[in-house]
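Down below is the structure, laid out as C-alpha cells.
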Amino acid sequence: MKNLKTLLLIALFTLGLGGVANAQKFGHIDFEKLVADMPQTTKLKLDIEKLGKTYQDEIEGMAKKVEAKIKKYQAEQNGQTKEINESRALEVQQDNQRWEQLRQTAYQDMQKKQADGLNPIIEKAQKAIEDVAAAKGIVYVFDASVGKGLLVSKGEDIFAAVKAKLGF
C-alpha cells in the first residue's frame, strides 16, 4: 500500500512538472495604440490632412463660384427671357451636381488613400508582434485595446518590446 502511495505521488509530481514544462505563455498589447504611435501613422495622418485641406479649398472655391453665379442670375432674371432664365437654372443645377460630385469624390479618395496607407502599417505592426512573440516564446497575444474584452492581463505586456522592434 505504501508503494502504491509512493508511485501515485511520483506520478502526480511527474505530471505536475510536465504541465509546468508545457505551460503556454500569454502576452497582450494595445494594438490600436501601437499603430497610432507608429511614425508612419503620423506621416499618413499629416498627408491625409494636407489632401483634405486641398480638397476643402477646391470645394469651397467651387461653392463660392456657384453662389456668385446664382446671385448674378437672380439679379438679372427680370431683364431676361423665360428661355434664358430656364437655361440659367439648368446651368446652376448642373454646377450644383458637379459640386456635390466633387465632394463625394474627395471623400472617397481620402478614404481610399487612408486605407491604402494604413494597410502596410498594420501589416508591419502585426509582423513585429509575431516576431517578438516568437522570440519570447509567447503562444497567444491578446489585443488589449479599449473595448476588446481583455479582462485579466496576467500575460506579458509586449508593447515596449514591439516598439523597440519597430525602432521607435
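All figures in this text were calculated on a predicted structure; none of them were measured in a lab. Position 1 is the first residue of the sequence; numbering continues from there.
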Is a donor from one side chain sitting under 3.5 angstrom from an acceptor on the other, for [X] and [Y]?
X: Q80; Y: Y73; value: no
X: Q101; Y: Q97; value: no
X: D109; Y: Y55; value: yes

### Message
With a sphere of 6.0 Å drawn around OH of Y107, does it hold more than 12 non-hydrogen atoms of other residues, nucleotides or ligands?
### Response
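Incorrect, the count does not exceed 12.
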### Task
Compare all side-chain heavy atoms of E49 with those of L46 and state whether any distance is below 4.5 angstrom.
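The answer is yes, as the side chains (C-beta and beyond) meet within the 4.5 Å cut-off.
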### Query
Less than 4.5 Å apart, any side-chain heavy atom of L166 and any of L34?
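Counting from C-beta outward, L166 and L34 do come under 4.5 Å.
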If you look at every heavy atom in [X] and [Y], which pair is closest and at what distance?
X: A144; Y: H28; value: CB-ND1, 4.2 Å
X: V139; Y: Q24; value: CG2-CB, 4.1 Å
X: V35; Y: T41; value: O-OG1, 2.5 Å
X: M110; Y: L51; value: CG-CD2, 3.9 Å
X: A133; Y: V141; value: CB-CG2, 3.8 Å
X: T42; Y: A36; value: OG1-O, 4.3 Å

Atom [atom1] in [X], atom [atom2] in [Y]: separation rounded to 0.5 Å?
X: I84; Y: E91; atom1: CD1; atom2: CD; value: 11.5 Å
X: I48; Y: K45; atom1: CD1; atom2: NZ; value: 11.5 Å
X: W99; Y: E67; atom1: CH2; atom2: CD; value: 10.5 Å

### Task
Identify, with sequence neighbours excluded, every residue that meets side chain to side chain donor-acceptor pair (under 3.5 Å) alongside Q74.
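Q74 satisfies side chain to side chain donor-acceptor pair (under 3.5 Å) with no residue once adjacent residues are dropped.
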### Task
Could you tell me which residues satisfy side chain to side chain donor-acceptor pair (under 3.5 Å) with D157, sequence neighbours excluded, listed by chain and number?
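Per chain and number, D157 pairs via side chain to side chain donor-acceptor pair (under 3.5 Å) with no residue.
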#### Entry: R88: which of E76, E83, Q77 passes side chain to side chain donor-acceptor pair (under 3.5 Å)
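Of the listed options, the one satisfying the test is E76.
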Which donor-acceptor pairs under 3.5 Å do side chains of residues 115-128 form with protein atoms, sequence neighbours excluded?
unit_1: D116; atom_1: OD2; unit_2: K112; atom_2: NZ; d: 2.8
unit_1: N119; atom_1: ND2; unit_2: A115; atom_2: O; d: 3.3
unit_1: K127; atom_1: NZ; unit_2: D131; atom_2: OD1; d: 2.9
unit_1: K127; atom_1: NZ; unit_2: D131; atom_2: OD2; d: 3.3

### Task
Determine which pairs satisfy salt bridge (Lys or Arg N to Asp or Glu O under 4.0 Å) with at least one residue from residues 93-102, sequence neighbours left out, and list them in order.
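Listed by first then second residue: K69-D95, D95-R98, E100-R103.
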### Query
Pairs in or reaching into residues 34-44: which pass salt bridge (Lys or Arg N to Asp or Glu O under 4.0 Å), with residues at least two apart or in two chains?
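Those involving residues 34-44 are K33-D37, K43-D47.
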### Query
Got a donor-acceptor contact below 3.5 angstrom from the K165 side chain to the I129 backbone?
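Judged by distance alone, no pair lies under 3.5 Å.
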### Expected output: side-chain S145 to main-chain F31 donor-acceptor under 3.5 Å
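Present.
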### Query
Does Y140 have any ring pair (Phe, Tyr, Trp, His ring centres under 6.0 Å) partners at least two apart in sequence or in another chain, and if so, which?
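If we apply the ring pair (Phe, Tyr, Trp, His ring centres under 6.0 Å) test to Y140, skipping adjacent residues, the hits are F26.
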